[in-house]
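Quick notes on the structure that follows.
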Amino acid sequence: METEGNEFKFVCNFVASTKPAHNDIWYTVTWYVNNKLIKTVDPFQKSADMQTKTLLIGTEIKAAGIKTVGFQIRCGYTVSKTVDSTPSPVTDSSNRFIGIEILTPTVYVKDGEDAIITVRATAPIGCFDALPCELEVNLLKVKDNDDCALSPSFSRCGFKIKGTKWHANYSITLRGSLPGLNANPVAVTFVHLKTVEDYFPQQIWGNQTIGTVKVVVSQDTTPIKGKECHAVCDPHIKTFFGTPYEHHYKGVFTLYENKAWKQEIQIQTKPCGPGSRVTCVCGIAIRVGREVYRREHCSDKFWKSGYAQCDGPTRIDVRQHSATQHKIRLPSSTTIKLVTTGSFLNVYVNPSVADKDRAQGLCGQITTNTFIGRDKEVSNYQWSGMPRFSESWGVESTIDLFSDKIENLLGAKGNLFLCKCDETKLTQIVCKSSQKCEPKDIYDYTSIKGCETTYIAKRSVRNRYRVPRSAGPEHVHISKRQAAVWRNGWTERSATDYCTSLFQNSSAVQICNNSVGTDIQGPLDNCVLDIKLLGDTSFALVAVETVKTSCFHEVSYDTSYQQSTTNQSSIFDQIKEVACPAECSHHGTCNKGVCTCDEGYGGLDCSVSLNTPPTIVYEYENNLCNSTNGTCKEVNLLGGEFVNSTTLCCIIKIYLTRDGRLFLIIEIRVKAIFVNSGEIVCPRDLNKERGYTRPGLNYSYGVCVSNNGKVFSKEILFDHRNTTVPPTTTTTTTTRLPRK
C-alpha cells in the first residue's frame, strides 16, 4: 500500500506459481472493504506487471460508499485453467486496518499521577506535493463529569500527525484530579478521539471516529486525610506527619517543595519585635515553575501582595477573604491558607495526593516522621528546635524567591497546564484550563485576577534579616511549662486559663472539637507558650484560627460533613452559621458568620482601627496617574490597610508654587475607589480644580487618605515640574513622585 499524489493505491501482493505447467493459468483478484466485496479484477495470466493489474485506488473505495478511513481491507485471489472454468477456493489475505488505531484502549491512572493515551496511524497521510501536511486529531469528552468527582484532565486536547512521520506513536498525557476526600475510590470516564472534520489534502482522513478510550481513575486519600503543615506565630511548625517543633531562626527558608511539580513555598522570618529573641513569619513566596506570588511585610510599613513574576497561563490560584485571609491553590491541588496577624503571617499548607513521597522542606514528609535536610542528612528530633535541620532548608541567594531578580527557575512547561476538552465540535479544540474541584468553603473567597506582575520591588537592602549559612541560625532554647512568674506577671496557670477560655468562647472551635474531632491541644499549648515568650496575648487568636483552619479544610472537602438530616443541619452549615474571621478580632460581634464591628473598627474581621491613618506610598519610578484620554483623571495609591466603606476618601490639595514656596489654594475631598485592602484610586475633580487654577502658573498637588473621613494619612506631594493645571482643552498631564 502507498499513496499516489494524495490518493490511496493498494496492491494485492501474492506470489504466482513458478511451475511451468502453471504458466497458462488465470488469476482473479477480489477486494473487500469491511468484509464487503467492492471490486473484482478481470482474470489475467502471469506476467511481469501482474501486480499492477491488482491495483485498487482511492476513488474506487469512495465509489463503494466509504467516506472516511477507519476501515478494514483485504484482498484474495483464485486460479482457474481457463477464463471461464471453475476457479479454485479463494486464498485471502488477513484484514488490514486503514486509519488511526488506539494502542491504549483502557488507561488506568492514579489520582495525582500521569498516564498516557497513545495512537498510531496505519497508513500514509496523503499530502499535496508542494506543502507539508499535518492531520489533526482531537479529543472529545463523551459527557461532562461533576468537577468534584474523580475525572481526568489532559496535557492537551489534540495533536497533529505529520505526513513525514505518519508511522510514529502520538500521545496525550492525562492526570487524575483531586476530588473531595470522601469521594468514591474509583471512577470511569470515556473519551472520544476523532480527526478534524475537513482534511483537504486527502478528504478520506477527515471526520474519522477513531474510537473510545476508557479511563479508570483511582484514588487513595488516606495518606493525606487530616494532614496539615503550619508555621504560626514565632514560628511553631507542625509537619505534615503531625510532629510539632520550634523554628526560632531568621532568614529565608523552604517550607515546602515538590520538585516533580516544580512547586515551592518559601517563608521569610524576622524578629517578632524590637530586641526579640524569637522570630515570626513576615512574608511568603510561592512558585510554580517560573511564576512567583508574594505577600510580605518584611521591609515596608504595609503589606505588599502580588505576582512578582509570570510565566504563561496563571497556575497559582489566589483568592481572598478580607484583608487578613488568603487561600491559594497550586496545580497539584495543594492548598495554602494565609492568615495575617498585624505585621506577621500564619501559613497553613494542606497537601494533595500528588505530594505523597514528594513533599519536603521544613514541613517534612507526609508518611514518615524522619527529619531529612536539603543535604539529605537526618536530624534527631527535638521539640525546642533543630538548628542543623532548619539551616539546611535555608535559601541561597540564587534561589531566593524574595529577591528582586529571580533566576535559575525551571519553567513548568505544558505538563502542569492540564486541560478540559469538553467541546463536541470537530474543528480545532483549544486547551482550556482544567476546572478544579471547588470545595464548599466556610468563608466566601474572592478570586484575584490572573497573573500580572503587580508586586512592588523592595527599595530597602535585600535580605536584611539573612543569617550567613556559615554562622548557623541562632538557637533559642525553650523549655516546656515551668512553675514560675513569666513576663508582665503571667504564670502558667493564668495563661492556660486565658487560652482555655478563648477556645471555650469560640462556638466554631467547640463544634470542630466535638463533631469533627479537630485537635485543639497543640494550638492550646502554643497559645500558652506565646504568652510565655512575649508576655502578652497578641498571638492568642492565632491559636483559635489554627483550630478553625484545620477544621474548615476537613469539612470543606469531606462531603460527609455536608449532609443534613430532617432534624439537624449539616456540620458544615452549623459551623458556617457561627464562624466569623478572626473572631471579629474581639472588636465586634458575630451574627450568622458576619462581623458587626464596634465603633471605630472596620474590615470584614474588624481588625482595622479606623482611627489609625492608613499608610500610602507609590513606586516613584512609575507614573502616578492613569492618562487614558489625554487627561490625568485619577491617582493610584498603594499602601494600607484600606477599608471598603462609604467613609473611605481622599483629599486632593492644590498648592501654588512661587519662589520655592508652596501656598495652599484649596483642599478637595473626593470619594476613594476601593480596589483591595492594599490599593485605592483617588479620582480628581477637574471641574473644581479649574475654578482655582489658571494656565501659566506652577502648581503642586498633594494627596492624603482616610478610612473614616476624619483621621488622614501623611500627605504625598507630587513634583510640580511634571504637573500642569487641569486643561480647558484635552492635553496630557503627568504626575510623578519626587526622586529620592
Side-chain angles (χ1 to χ4, degrees), residues 1-17 25-44 46 49-80 86-107 117-127 133 135 137-138 159 161-163 165-171 190-196 199 201-214:
M1 179 208 64
E2 58 186 79
T3 57
E4 182 175 301
N6 60 343
E7 286 289 347
F8 283 129
K9 184 172 70 173
F10 296 95
V11 174
C12 191
N13 190 12
F14 62 91
V15 179
S17 175
I25 64 175
W26 292 83
Y27 295 88
T28 301
V29 171
T30 52
W31 286 97
Y32 295 82
V33 174
N34 294 335
N35 295 319
K36 177 183 177 182
L37 177 65
I38 66 167
K39 181 179 180 179
T40 301
V41 180
D42 293 337
F44 57 88
K46 182 179 179 181
D49 64 344
M50 64 179 298
Q51 298 296 339
T52 304
K53 294 178 180 179
T54 70
L55 190 66
L56 177 70
I57 61 176
T59 53
E60 293 174 307
I61 296 174
K62 294 175 185 176
I66 303 300
K67 302 298 182 182
T68 67
V69 293
F71 56 83
Q72 300 280 351
I73 187 171
R74 76 175 191 272
C75 68
Y77 72 94
T78 62
V79 296
S80 60
T86 302
S88 67
V90 178
T91 300
D92 273 335
S93 69
S94 59
N95 275 317
R96 177 169 178 179
F97 178 73
I98 304 300
I100 301 172
E101 61 179 347
I102 298 173
L103 302 182
T104 52
T106 302
V107 176
I117 294 175
T118 305
V119 303
R120 178 181 62 200
T122 63
I125 307 298
C127 302
C133 59
L135 173 63
V137 175
N138 289 325
F159 51 84
I161 297 177
K162 298 181 181 297
K165 297 181 180 180
W166 61 267
H167 51 281
N169 290 350
Y170 292 85
S171 301
F190 295 92
V191 294
H192 280 325
L193 290 170
K194 203 165 187 176
T195 61
V196 69
Y199 180 65
Q202 194 173 14
Q203 188 60 45
I204 197 170
W205 280 98
N207 202 25
Q208 181 203 351
T209 300
I210 299 171
T212 300
V213 178
K214 178 182 179 181

Roughly how far apart are [X] [atom1] and [Y] [atom2], rounded to 0.5 Å?
X      : Y      : atom1 : atom2 : value
Ile161 : Ile100 : CD1   : CD1   : 3.5 Å
Phe71  : Arg96  : CZ    : CZ    : 10.0 Å
Thr209 : Lys194 : OG1   : NZ    : 3.5 Å
Cys12  : Gln51  : SG    : CD    : 7.5 Å
Lys162 : Leu135 : NZ    : CG    : 12.0 Å
Thr195 : Trp205 : OG1   : CH2   : 8.5 Å

Study note, to complete from the structure: Only one of Ile73, Val29, Val11 passes side-chain contact (heavy atoms from CB on, under 4.5 Å) with Leu56, and that residue is Ile73
Are the side chains of [X] and [Y] in touch, meaning some heavy atoms are under 4.5 Å apart?
X      : Y      : answer
Tyr170 : Val137 : no
Thr54  : Tyr77  : no
Ile117 : Leu193 : yes
Phe14  : Ser93  : no
Asn35  : Arg74  : yes

Looking only at non-hydrogen atoms, find the nearest pair between [X] and [Y] and report the distance.
X      : Y      : value
Phe8   : Ala123 : CE2-CB, 4.1 Å
Glu60  : Leu55  : OE1-O, 4.1 Å
Ala168 : Arg120 : O-CG, 3.8 Å
Thr78  : Pro87  : OG1-CB, 3.7 Å
Thr118 : Ser171 : OG1-OG, 3.2 Å
Trp31  : Leu37  : O-CD1, 3.4 Å

Ignoring hydrogens and angles, tell me if any N or O in the side chain of [X] forms a donor-acceptor pair with the backbone of [Y] under 3.5 Å.
X      : Y      : answer
Asn34  : Gln72  : yes
Thr212 : Phe190 : no
Thr106 : Lys214 : no

Point to revise | Any residue meeting side chain to side chain contact (heavy atoms under 4.5 Å, CB included) with Ile25, in chain and number order, not counting sequence neighbours | key: His22, Tyr27, Val79
Point to revise | Test side chain to side chain contact (heavy atoms under 4.5 Å, CB included) applied to Lys36 - qualifying residues, sequence neighbours left out | key: none
